[in-house]
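Read through the structure below, which is laid out as structure tokens, and then see the notes.
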Amino acid sequence: MQIYLIGFMGTGKTSTGKELAKLMKRELLDSDDLIVKQEGMSIPEIFYRSGESGFREIETEVFRKLSEESGEYVVSCGGGAPLRTENVSLMRKNGRIIRLTATANTVYNRVKGDTGRPLLQSDDPLRRIKELMAEREQAYTAAADITVETDKKTPEEVAAQILETLTK
Ligand code: S3P
């Protein structure tokens, strides 16, 4: 059974994933890293060359491969992964889906200045975050088996809370 961490950019999927993987004695995989490795290009480069739709095609290929993986991993998922119901079905096939949340302000503070996220390269990133969050809310809610708020919590605290919920 895989543990898939989903949620908006900056909700702490990677940092929480590291802690959770440690606690569960598993390896951490990251869908973005798998994409970068497979394509031999950075995320901004893929968006530049193939657009968001090209990126989403590759992302689904990666989730298909993960759904066939027999090893048990903690998987940190790119923020847009749950937007395709196909990806969510692939995750459900062999995993539990944990959604991390944070307010728009928290996300903004965590990601500001970062140039690795093409969707947030805007004159008004906070506004863009709010728009995208509102657009995506339903997809995230529909995908999640478990939801954990991350505002004012350390990745260690979030990971411990996830583990507690999983083992209940
Ligand atoms: C995206 C989130 C990013 C990355 C890409 C698109 C999104 O991952 O997959 O830039 O659509 O929310 P993180 O959530 O790890 O930043």
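Just follow the structure's listing: the first ligand is 1, and inside any ligand the first atom is 1.
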Between Lys25 and Glu72, does any NZ, NE, NH1 or NH2 come within less than 4.0 Å of an OD or OE carboxylate oxygen? no
Of the listed options (Arg117, Glu52, Arg136), which comes nearest to atom 12 (O) of ligand 1 when hydrogens are ignored and any heavy atom counts? Arg136
Tell me whether Gln138 at atom CD has more than 12 heavy atoms from other residues, nucleotides or ligands lying less than 6.0 Å away. no
Looking only at protein heavy atoms, which one is nearest to atom 7 (C) of ligand 1, and how far off is it? Gly80 N, 3.2 Å
Under 3.5 Å: N/O of Gly79 near N/O of ligand 1: yes
Applying a 4.0 Å heavy-atom criterion (strictly less than), which segment of Gln121 is in contact with ligand 1: side chain, backbone, both, or neither? neither
For ligand 1, indicate whether the residue Asp30 contacts it via side chain, backbone, both or neither (heavy-atom separation under 4.0 Å). neither
Considering only heavy atoms of Pro118, which atoms of ligand 1 have at least one such atom less than 4.0 Å away? 10 (O)
Quick test: of every protein heavy atom, which one is nearest to atom 9 (O) of ligand 1, and how far off is it to 0.1 Å? Asp32 OD1, 2.7 Å
Which of the numbered atoms in ligand 1 are below 4.0 angstrom from a heavy atom of Leu119? 7 (C), 11 (O)
Looking only at side-chain N and O atoms, does Ser67 offer a donor or acceptor that is under 3.5 Å from a partner on Asn94? no
Do the side-chain N and O atoms of Arg110 and Thr150 include a donor-acceptor pair separated by under 3.5 angstrom? yes
Between Glu59 and Arg56, does any NZ, NE, NH1 or NH2 come within less than 4.0 Å of an OD or OE carboxylate oxygen? yes
Which label fits Phe55 and Phe47: parallel for a plane angle under 30°, tilted from 30 to 60°, or perpendicular past 60°? tilted
Determine the sole option in Leu100, Thr101, Thr106 for which the side chain to side chain contact (heavy atoms under 4.5 Å, CB included) test with Glu149 is passed. Thr101
One residue to check: Arg56. Relative to ligand 1, which of side chain, backbone, both or neither has a non-hydrogen atom less than 4.0 Å away? side chain
Residue part near ligand 1, for Lys13, under 4.0 Å between non-hydrogen atoms: side chain
